[in-house]
**Student:** 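The structure under discussion is supplied below as structure tokens; questions concerning it will follow.
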Amino acid sequence: MNPTTSDLIPLIVITGFLGSGKTTLLRKLLTTDLGGETAVLINELGEIGIDHLLVGEIAPDTVLLQSGCVCCSIRGDLKDALVQLYSRRQKKEIPSFRRIILETTGLADPAPIFATVLADPMLRHHFGLGVIIAVVDSFNAALHEQLHPEWMAQVTSADRLILTKTDLVPKQNRDMLQKHLRKINPAAEIMANVEVKERDPLLLSAGLHESTPESEAERWIRDFAHPSRPEDEGADIHTGHAGSEHPGVTSFCLVFDNQIDWTAFGLWLSMLLNRHGRSILRVKGILNLSGSAYPIAIHGVQHLVHPPVHLSGWPDSDRRSRIVFIVRGIERDAIERSLNTFCRCLGSSPV
Amino acid sequence: MCALCGLIGTETEWSGSMASSLPVRQQRFLRIAQANRVLSFFHLRLEDFQGVSYVLSSPTGRREMVSDFGQLWPIAETLAGRPIDPLDSAFLDWLSSIPQ
């Protein structure tokens, strides 16, 4: 029997480029976590785990992953660390923590973490993916974007974007950065580090594994449903620098008036991600499925898709399916035409 | 286990893990039927194997086991000998033209 989503222990990921302030954010979030509600995993480069020592003062159950970057080669480490924590929790050797926070190295792409939890039968029965928090160094953001592909992977995969070092840049530049980040990842919540509260519920969120996943799903489509910036309304959002290391990233929201057949949609998305997974940086959305009174939420990072979550209600009065894509080098029209064709031609397939 | 179908559990791959009012076996046949409409463009055919896996066949007689739909497309590309791209205009034109 599969566990319900609220039974799962959420794994919250804090990512961000080197020196962007991940550990500072972690300390701030956990300063008052005296009840052992949060276990911390830290993955870092180098032989001496400085970050581990810093966090160790406030979260004694910190486990340090030794393998450097969180990439395919250390999935075993991450799995072992999660299993070990869970085992000690069951034996009551450590407090019965309610969540795990994983602080990645500054060079990590969060997608393999997603894969590790989803692919392992043991992990996916005990752990669920919480929010991905990306810490963005306001002072060096432009440089990081131009020189390091990891920065873009971290920003596009994030559910929350936290701006640090905002006191070092003029307000005008800060506003421009915020606008730029919103264009890259319109489905993420953006806030400055100074606005983060101790044990901030927005950051220590289990995402779709919360008891009310509707509010998380509502965040994804809010910007498109109620555009706060009139200039963006109805338009695709493009970013990226001509001639830079990275081709432009585009984000857009596809809206479908008709109900969607889940089987046809599943075939289409799995086919799309198999061929274009590296270019589909993020997919998030709520779907109005034929035969179902309530919507479902889907979300994926690159070629990985989280199992769909049934919502108990619609986040607003709009009953249309809305899917947010963050892509690199793929035209919106191509994706829209393809999905429309699949739904039209396969949706009524007889058995 | 589904008492009517005798199938243990459900697929763990994301697109097969949706709760449905249909019996598990009927869900499988529905997915196979829809996949075959797409795969016929590439001259491939998917069949159920014991209610737990699938077998993908090519016109030359090559057959590959497929454990779930997550594995289907990479194996299908290998058997077809070419990319399977849902954004390909020629493929979409063909899909639009086949009878419902």
Side-chain angles (χ1 to χ4, degrees), chain A residues 1-2 4 118-121 124-125 261-277 279-280 283 287 289-294 296 298-300 303-310 327 330-331 333-351, chain B residues 1 8-23 25-42 46 48 66-78 80 82-100:
Chain A
M1 185 178 187
N2 290 326
T4 62
L118 290 182
D120 188 89
R124 71 167 171 260
H125 277 82
D261 178 90
W262 173 252
T263 309
F265 179 82
L267 274 175
W268 174 79
L269 187 58
S270 62
M271 215 171 154
L272 180 74
L273 297 181
N274 173 64
R275 179 97 312 258
H276 297 285
S279 304
I280 310 279
V283 182
L287 303 182
L289 297 183
S290 45
S292 173
Y294 297 106
I296 63 148
I298 54 155
H299 73 119
H303 59 279
L304 305 162
V305 182
H306 189 280
V309 173
H310 285 273
V327 301
I330 299 182
E331 294 295 323
D333 289 350
I335 292 181
E336 189 166 24
R337 183 199 169 200
S338 180
L339 179 52
N340 271 324
T341 305
F342 267 72
C343 289
R344 193 177 63 249
C345 301
L346 298 182
S348 58
S349 177
V351 180
Chain B
M1 177 185 285
I8 298 172
T10 55
E11 289 197 35
T12 55
E13 193 262 334
W14 67 269
S15 64
S17 61
M18 272 282 286
S20 168
S21 56
L22 288 177
R25 195 176 291 275
Q26 195 175 347
Q27 283 181 55
R28 286 180 70 82
F29 286 144
L30 175 63
R31 298 183 83 203
I32 291 170
Q34 293 199 351
N36 275 328
R37 297 182 82 173
V38 172
L39 288 165
S40 63
F41 182 76
F42 304 94
L46 189 71
D48 178 56
V66 179
S67 63
D68 59 42
F69 272 65
Q71 283 193 354
L72 173 62
W73 303 115
I75 294 174
E77 288 187 333
T78 304
R82 58 174 165 148
I84 294 182
D85 186 354
L87 304 183
D88 176 41
S89 292
F91 165 68
L92 292 175
D93 289 343
W94 169 85
L95 192 60
S96 299
S97 70
I98 59 173
Q100 296 289 306

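Predicted model, so just to flag it, every value in this text is computed and none were measured. So that the names make sense, note that chain A is the first sequence line, chain B the second, and so on, each numbered from 1. Atoms considered below: every heavy atom in the structure, side chains included; atoms not considered: hydrogens, waters and symmetry mates.
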**Student:** Work out which heavy atom in A:Ser338 is nearest to a heavy atom in B:Pro86; give both atom names and the distance.
**Tutor:** OG-O, 2.6 Å

**Student:** Minimum heavy-atom separation for B:Ser96 to A:Arg344, with atom names?
**Tutor:**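 Answer, listing the atom of B:Ser96 first, then A:Arg344: OG-NH2, 3.3 Å.
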
**Student:** Minimum heavy-atom separation for A:Ala334 to B:Leu87, with atom names?
**Tutor:** O-CD2, 3.6 Å

**Student:** Top residue by heavy-atom pair count (under 4.5 Å) with chain B, among A:Asn274, A:Leu304, A:Ile335?
**Tutor:**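 Of the options given, most contacts go to A:Asn274.
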
**Student:** Under 4.5 Å, counting heavy-atom pairs only, tell me which of B:Asp85, B:Ile32, B:Ile84 racks up the most with chain A.
**Tutor:** B:Asp85

**Student:** Between A:Gly266, A:Ser292, A:Gly300, which residue shows the highest count of heavy-atom pairs closer than 4.5 Å to chain B?
**Tutor:** A:Gly266

**Student:** Rounded to the nearest 0.5 Å, how far does OG1 of A:Thr263 lie from CZ of B:Phe69?
**Tutor:**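 Between atom CZ of B:Phe69 and atom OG1 of A:Thr263 there are 8.5 Å.
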
**Student:** Apply side chain to side chain contact (heavy atoms under 4.5 Å, CB included) to the pair A:Met271 and B:Phe91, showing each step before the final yes or no.
**Tutor:** CA-CA 13 Å; A:Met271 215 171 154; B:Phe91 165 68; 3.8 Å; yes

**Student:** If you take all heavy atoms of A:Leu346 and B:Gln34, which pair is closest and at what distance?
**Tutor:**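 What the structure gives for the nearest pair is O-NE2, 2.8 Å.
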
**Student:** Does A:Arg337 pair with B:Asp93 as a salt bridge, N-O distance under 4.0 Å?
**Tutor:** yes

**Student:** Going from CZ on B:Arg37 to CZ on A:Phe342, what distance comes out if it is rounded to the nearest 0.5 angstrom?
**Tutor:** 11.0 Å

**Student:** How many angstroms lie between OG1 in A:Thr341 and CG in B:Leu95, if you round to the nearest 0.5 Å?
**Tutor:**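 Taking OG1 in A:Thr341 and CG in B:Leu95, the distance rounds to 6.5 Å.
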
